[in-house]
**Q** 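Quick one: the structure is below, questions incoming.
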2 protein chains.
Amino acid sequence: MTNVSHILRKTGHRLTKQRQQILRALTCRPQSVEEIKSALLSQRIAIDTTTIYRTLDCLVKLGIVAKTRFNEHNAKYELLGKTHHHHLVCTTCSAVKDIPLDDDFLMKKVKKLTNFHVQSHTLEFFGLCKHCQ
Amino acid sequence: MTNVSHILRKTGHRLTKQRQQILRALTCRPQSVEEIKSALLSQRIAIDTTTIYRTLDCLVKLGIVAKTRFNEHNAKYELLGKTHHHHLVCTTCSAVKDIPLDDDFLMKKVKKLTNFHVQSHTLEFFGLCKHCQ
DNA sequence: TGACTTATTGCAACTGATTTGCAATAATTC
DNA sequence: GAATTATTGCAAATCAGTTGCAATAAGTCA
C-alpha cells in the first residue's frame, strides 16, 4: 500500500481518502465496480460510482490493477499481486478461482509464429466448480 | 450452413430469411453487432439491431457462434469454425489476427491441478501489430 | 501555518450497448 | 390453405461507463 501511494505521488497523483478506501476494498479476486461500491457501503463508506471508475482507470494505467472481462456485460478489477495467474470461472455460480499456470511456453510460441509484439494476455477457463458439477 | 439449418429446426427454431442473412454475414473473425449490421446494410439488407442480438444469442446457445470480449465495451461474435484458435488483438488499431496454438498442455494441467470441470476457455493476446509497432 | 495551485470529487446529464414488451408478421404443421 | 406459434421490428427501458462542471481538498512553498 505504501508502495502504491509512492507510485501515485511520483506520477503526480494525490492520495485522497477515497483512493485509500478504494485500494483497501480491492482484492486479488476480480470484482465489479458495483461489488466494490457495496463492499465499501457495508463499511459505511459512501463513494460515488464515478469516482470508483476514475480511480480504477488510474490504477489500471499505473499497472496496479488489472481489468478483466469474463464474457459478462461488466468489467472486473483485481489488485495485481506478485504472482501471475489465471482464472477458473464457474458458469453456474460465477465463483472465480485462481490458478497459477506457466504460460511462457505459449508466449514464446506466439513470438516465433508472428511479428506481433505481445504486451499482455488473458487466459480464462470456464466450466463447473466442485459444487456445481 | 445446411448443417446449421438442421440444428435450428431440430431444436424447435425456424430458419427465417433474417437468420439466413445474419449467418451469411458472420465470419470466422470476431465482429460486433454494429459491424454485422453495416456489413448487411452494404448489401442493402436492413435487419433490426434487436433481431441481430436475438439471433446471435440463439446461435451462441446452440454452439454455432462464439461470443468474445476484448476488454471493450461491446461484445464480438464469430462463427465457430472447425479449427480451435486464439486471437492477437492490436491495442492501437484494434486489428484482430488469428493464431493456432496447441493448448492441450494447459488444459491437462488445469485438470490435474484442480477439481474444476472445464467446458471452454479463452486465450487472447494484446499488443502491437506489425504496422503499429 | 496559511495562501496557492491544481488534481480530485460528486452530481447531473449523456452516450452506447444490450434487453424487454408487445402487436404484427411469417415459418412450420396438419 | 388455415392454424399455431416462433420471430420480427419498433419503441421504450435498462445497464455500464463517460463527460462537464462547480465545489472541495491534497500537496507545495513562502
Side-chain angles (χ1 to χ4, degrees), chain A residues 1-2 4-25 30-38 40-41 44-62 64-77 94, chain B residues 1-2 4-25 30-41 44-62 64-78 94:
Chain A
M1 180 77 96
T2 319
V4 172
S5 64
H6 237 214
I7 297 175
L8 281 171
R9 293 238 184 76
K10 262 190 194 164
T11 50
H13 294 96
R14 292 174 183 177
L15 188 66
T16 63
K17 210 173 179 179
Q18 287 89 334
R19 282 187 182 159
Q20 292 177 56
Q21 288 164 332
I22 291 168
L23 275 165
R24 223 176 289 132
Q31 297 177 95
S32 69
V33 167
E34 281 312 311
E35 283 165 348
I36 293 168
K37 189 170 187 181
S38 40
L40 286 165
L41 270 180
R44 298 177 176 277
I45 298 167
I47 299 181
D48 193 82
T49 313
T50 312
T51 302
I52 301 177
Y53 275 111
R54 285 195 273 226
T55 298
L56 291 171
D57 277 357
C58 170
L59 295 173
V60 167
K61 268 175 202 144
L62 295 174
I64 294 160
V65 160
K67 180 178 179 178
T68 348
R69 283 182 186 266
F70 299 118
N71 269 357
E72 294 167 328
H73 197 341
N74 58 3
K76 304 230 163 154
Y77 299 83
S94 296
Chain B
M1 179 76 96
T2 321
V4 172
S5 65
H6 237 216
I7 296 175
L8 281 171
R9 293 239 183 77
K10 261 190 195 165
T11 50
H13 295 95
R14 293 174 184 177
L15 188 65
T16 63
K17 208 172 180 179
Q18 288 90 332
R19 282 187 182 159
Q20 292 177 56
Q21 289 165 332
I22 291 169
L23 274 164
R24 223 176 287 134
Q31 297 177 94
S32 69
V33 167
E34 281 312 312
E35 284 165 346
I36 294 168
K37 189 171 187 178
S38 40
L40 285 166
L41 270 181
R44 298 175 176 279
I45 298 167
I47 300 181
D48 194 82
T49 313
T50 313
T51 302
I52 301 177
Y53 273 111
R54 285 195 273 226
T55 297
L56 290 171
D57 277 357
C58 170
L59 294 174
V60 167
K61 268 176 202 144
L62 295 174
I64 296 161
V65 161
K67 181 178 181 179
T68 347
R69 285 183 184 266
F70 299 118
N71 268 358
E72 294 166 328
H73 197 343
N74 59 4
K76 304 230 164 153
Y77 300 83
E78 87 188 286
S94 296

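Letters go in sequence order (proteins before strands), and every chain restarts at 1. No experiment lies behind these values; they were computed from the predicted model shown.
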**Q** Taking only side-chain N and O atoms of R69(B), does any of them lie within less than 4.0 angstrom of OP1 or OP2 on dT18(C)?
**A**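 The answer is yes; a side-chain N or O of R69(B) sits under 4.0 Å from OP1 or OP2.
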**Q** What's the NZ-P distance between K37(A) and dA16(D), to the nearest Å?
**A**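 It works out to 12 Å between those atoms.
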**Q** Return the value, rounded to whole Å, for the distance between atom CD1 of I52(A) and atom P of dT18(D).
**A** 13 Å
**Q** Side chain of R19(A) only, heavy atoms from C-beta on: which candidate in dT8(C), dC22(C), dT18(D) is closest?
**A** dT8(C)
**Q** D57(B) has an atom CG; how far is it from atom P of dT18(C), in whole Å?
**A**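 In whole Å, dT18(C) P lies 10 Å from D57(B) CG.
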**Q** Roughly, in whole Å, what's the span from OH in Y53(B) to P in dG21(C)?
**A**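 Atom-to-atom, Y53(B) to dG21(C), this comes out as 18 Å.
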**Q** Quick check for you: among dG10(C), dC15(D), dG27(D), whose closest atom lies nearest to any side-chain atom of R9(A)?
**A** dG27(D)
**Q** Heavy-atom nearest nucleotide on DNA chain C for L15(B) versus L8(A): which residue maps closer to 5'?
**A**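 Per heavy-atom nearest nucleotide, the more 5' residue is L8(A).
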**Q** Rounded to whole Å, how long is the line connecting atom CD1 of I22(A) with atom P of dT8(C)?
**A**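 I22(A) atom CD1 is separated from dT8(C) atom P by 12 Å.
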**Q** 5'-most contact on DNA chain D: Q18(A) or T50(B), nearest heavy atom basis?
**A**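 So the residue in question is T50(B).
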**Q** Quick one: closest heavy-atom pair of N74(B) and R69(B), and the distance?
**A**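 That closest heavy-atom pairing would be C-NH1, 4.0 Å.
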**Q** Quick one: CG on L23(A) to CD1 on I36(A), what's the gap to the nearest 0.5 Å?
**A** 10.0 Å
**Q** Which of these nucleotides, dA17(C), dT8(C), dT28(C), is closest to any side-chain atom of R14(B)?
**A** dT28(C)
**Q** Could you state the atom-to-atom distance from CD of Q21(A) to P of dA25(D) in whole Å?
**A**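 About 13 Å, once rounded to whole Å.
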**Q** Could you tell me how far apart H6(A) (NE2) and dG27(D) (C1') are, to the nearest whole angstrom?
**A** 14 Å
**Q** Of all the heavy-atom pairs spanning K76(A) and P30(A), show the shortest one and how long it is.
**A**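 K76(A) and P30(A) have their closest heavy atoms at CB-CB, 3.6 Å.
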**Q** With rounding to the nearest 0.5 Å, note down the distance linking CD1 in I7(A) to NE2 in H13(A).
**A** 11.5 Å
**Q** Would you indicate, yes or no, if dT8(D) has its OP1 or OP2 atom less than 4.0 angstrom from a side-chain nitrogen or oxygen of T16(B)?
**A**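 For dT8(D), OP1 or OP2 has a side-chain N or O of T16(B) closer than 4.0 Å.
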**Q** Closer to the 5' end of DNA chain C via nearest nucleotide, is it N74(B) or K17(B)?
**A** N74(B)
**Q** Output yes when at least one side-chain N/O atom of R54(A) is less than 4.0 Å from OP1 or OP2 of dT18(D), else no.
**A**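 Indeed not, no polar side-chain atom of R54(A) lies that close.
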**Q** Take the protein atom CD1 of I47(A) and the nucleotide atom P of dT24(D), then report the distance between them rounded to whole Å.
**A**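 In whole Å, dT24(D) P and I47(A) CD1 are 18 Å from each other.
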**Q** Counting only side-chain heavy atoms from C-beta out, which of dC15(D), dC10(D), dT5(C) sits nearest to D48(B)?
**A**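 When the side chain of D48(B) is considered, dC10(D) is the closest of dC15(D), dC10(D), dT5(C).
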**Q** Would you say the side chain of E34(A) lies within less than 4.5 Å of the side chain of T49(A), judging by non-hydrogen atoms?
**A**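 T49(A) reaches E34(A) side chain to side chain.
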